Structures are given as structure tokens and as C-alpha cells.
Amino acid sequence: MLKNKKPAVNVNYSRIWQTVQLIPYGKVACYGQVADLAGLPGKARLVGKALGKVPDDGWTGQSVPWHRVINSQGKISFAVESELFARQRALLEDEQVAVIGNRVKLTDFQWQPDLAELLFKLTY
DNA sequence: ATACTGACTTTCG
DNA sequence: ACGAAAGCCAGTA
């Protein structure tokens with residue numbers, strides 16, 4: 001009997017992508033929060049890895065709003081002089097998320113997930 | 001197998 | 001409030 005091959009896409013990545021798709025327009029979540037919701041507590045760094053590998057055409061027909069994920073300090077986790085930093089900040093401001101002094105006020109913009117809706121939407 | 005690397009988080013001073 | 005340090009852990013070489 002042949003051994004099973006590793007899946008083409010890490011199953012954990014797809015869970016992370018699916019969770020990020022639930023973050024609403026105009027809200028943000030932090031890496032650790034996404035990891036927890038994806039059932040991967042303690043794996044905040046893995047969320048960053050997964051977001052760097054989102055397929056160009058999104059996931060299961062939907063785009064993945066990677067720009068809505070920032071770190072627990074409310075800051076964008078790219079060097080301020082980098083191209084990606086500028087892109088992420090622009091995408092956030094496009095949806096009315098204020099980025100002041102390289103920082104988003106989490107008390108105003110952090111996503112507060114609705115438990116019942118999460119249970120309905122997540123498929124694992 | 002081992003070592004290094006981060007799109008992280010928390011604690012400390 | 002802020003930077004440094006330490007802890008963290010899958011992915012990568």
C-alpha cells in the first residue's frame with residue numbers, strides 16, 4: 001500500500017484563511033485572535049505565514065482580507081518603510097479604519113466575533 | 001536531525 | 001508609553 005502524501009495545501013492554512021474571511025469590513029483582528037478562533041492557540045506566528053501564502057485567486061471563491069490582521073499592539077507588522085506596510089495601511093484607510101501614528105485603536109476597531117455566528121460559519 | 005527564521009505575544013524596566 | 005528581552009513554534013534550509 002502506498003503511503004499518503006502530504007496535502008498540497010496545509011490544512012491549518014485553510015482554516016486560517018477561512019477564519020480571516022469572517023473579519024468584517026471596517027474591523028481588524030490580531031494574529032493571536034485569529035489563531036485562537038481557527039483552533040490553533042499559541043500559533044500566532046503561523047497566521048502570518050499563512051497570510052503570506054494566500055492563493056492569488058483567494059480561497060474557495062472568496063478573497064482573503066489579509067490587511068485586516070494586525071498585531072496585538074494595534075500595529076501593522078511590516079517595517080514602516082516597506083511597500084507592504086504602505087499597501088496595508090491604504091487598504092485599511094479605504095474602509096474607514098483609522099491608522100494614526102502607525103497604530104489602529106483596537107478599542108474602536110477590533111472585531112468582536114459573535115459566537116453563535118462563528119459556530120454557524122466555521123466548518124471544522 | 002539540527003539550526004535559523006519570522007506578517008507574534010507577553011513581561012519588564 | 002515604549003523598547004528590549006524572552007518565550008514561542010511551525011516552516012524552511
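Chain naming here is simple, since letters A, B, ... match the order of the sequence lines and numbering starts at 1 in each. Note that the coordinates shown come from a computational prediction; the quantities given were computed from them, not determined experimentally.
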If you take all heavy atoms of A/Y31 and A/S77, which pair is closest and at what distance? CE1-OG, 3.6 Å
Going 5' to 3' through nucleotides 7-13 of chain C and flagging B where a protein heavy-atom sits under 4.0 Å of the base, S where only the sugar-phosphate is that close, and - otherwise, we get BBSSSS-
Between A/L106 and A/I70, is there a side-chain heavy-atom distance shorter than 4.5 Å? yes
For A/K27, does the NZ atom have more than 12 heavy-atom neighbours from other residues, nucleotides or ligands under 6.0 Å away? yes
Test question: given the 4.5 Å side-chain rule for I, L, V, M, F, W and Y, name all other residues clustered with A/L115, or answer none. A/L119
Within this structure, what is the CZ-to-P distance between A/R89 and B/dA7, rounded to whole angstrom? 19 Å
Under a 4.5 Å cut-off applied to non-hydrogen side-chain atoms, are A/K49 and A/Y13 in contact? yes
If you assign A/Q73 and A/W66 each to the DNA chain B nucleotide with the nearest heavy atom, which residue ends up on the more 5' nucleotide? A/W66
Let me know the distance between CD1 of A/I23 and P of B/dA7, rounded to the nearest Å. 18 Å
To the nearest Å, how far apart are A/I100 CD1 and C/dA1 P? 13 Å
Sorted by number, residues from residues 74-85 of chain A placing a heavy atom under 4.0 Å from DNA chain B are A/S77, A/F78
Whole-Å gap separating P (C/dG3) and CG (A/N71): 12 Å
Should the heavy atoms of other residues, nucleotides or ligands under 6.0 Å from OH of A/Y25 be counted, would the total exceed 12? yes
If hydrophobic clusters are built by linking Ile, Leu, Val, Met, Phe, Trp and Tyr wherever their side-chain heavy atoms come under 4.5 Å apart, do A/V80 and A/I76 end up in the same one? yes
Taken to the nearest whole Å, CG/A/L51 to P/B/dC8 is 10 Å
Could you check how far CD1 of A/I16 sits from C1' of B/dA7, rounded to whole Å? 12 Å
Min side-chain heavy-atom separation A/K43-A/V47 under 4.5 Å: no
